[in-house]
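Encoded as structure tokens, the structure appears first; notes follow it.
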Amino acid sequence: MRTAAVLRGLSGVLAGGLVVLALALGVAWVVATRTGSPGPAPAFLAWHVVAAVVAVVAQVRADRAADGGHGAGAALAVVGVSAVVLAALWLA
């Protein structure tokens with residue numbers, strides 16, 4: 001039981017981090033377009049928004065799951081989405 005709570009807590013932090021990252025990139029994009037300086041590409045921003053939405057939906061599912069199995073699976077999905085964003089968009 002304690003492991004599931006730790007996993008849900010970790011996935012909640014990761015989901016929140018993805019949301020903050022998407023918002024920060026959105027602000028950077030707006031500032032860059034208004035000042036004419038280079039900024040994040042629209043596709044880069046779009047992938048972050050999609051990842052944030054998927055992570056938040058999965059986190060809500062993890063938090064509301066009545067049994068541990070479905071909740072843990074949804075929490076692991078958040079961890080997986082975060083890992084994919086890190087590997088594919090930041091480390092590539």
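All residue numbers in this chain count up from 1 along the given sequence.
Counting only residues at least two apart or in different chains, salt bridge (charged side-chain N to carboxylate O under 4.0 Å, His left out) contacts with residues 8-32 comprise Arg8-Asp63.
Linking ILVMFWY residues whenever their side-chain heavy atoms come closer than 4.5 Å, directly or via other members, leaves Leu76 and Val81 in distinct clusters. At a threshold of 4.5 Å between side-chain heavy atoms, the hydrophobic network of Ile, Leu, Val, Met, Phe, Trp and Tyr places Val53 and Val60 in two separate groups. No path of Ile, Leu, Val, Met, Phe, Trp and Tyr side chains, each step under 4.5 Å between heavy atoms, connects Trp90 with Val13, placing them in separate hydrophobic clusters. The hydrophobic cluster containing Val50 also contains Leu89, counting ILVMFWY residues as joined when their side-chain heavy atoms lie under 4.5 angstrom apart, directly or transitively. Leu7 and Val56 sit in two unconnected hydrophobic clusters of ILVMFWY residues. Membership requires side-chain heavy atoms under 4.5 Å apart, directly or through other members.
Across all non-hydrogen atoms, the minimal contact from Ala75 to Ala62 is N-CB, 3.7 Å. Looking at every heavy atom in both residues, Trp29 comes nearest to Pro42 through NE1-CG, 4.0 Å. What you find for Ala22 and Leu45 is that their closest heavy atoms are O-CD1, 3.8 Å. Residue Ala77 comes nearest to Ala58 through the heavy atom pair CB-CB, 4.4 Å, listed as atom of the first residue, atom of the second, then distance. The two atoms that bring Val78 and Gln59 nearest to each other are CG2-N, 3.7 Å, heavy atoms only. Heavy atoms only, all atoms of each residue included: Leu18 and Ser82 are closest at CD1-OG, 3.5 Å.
Residue Val27 shares its hydrophobic cluster (ILVMFWY side chains chained together at separations under 4.5 Å) with Val31.
In this structure, the separation between CG on Leu25 and CH2 on Trp47 is 15.0 Å, given to the nearest 0.5 Å.
Of the residues Val79, Leu86, Val19, the one that meets the side-chain contact (heavy atoms from CB on, under 4.5 Å) test with Leu14 is Val79.
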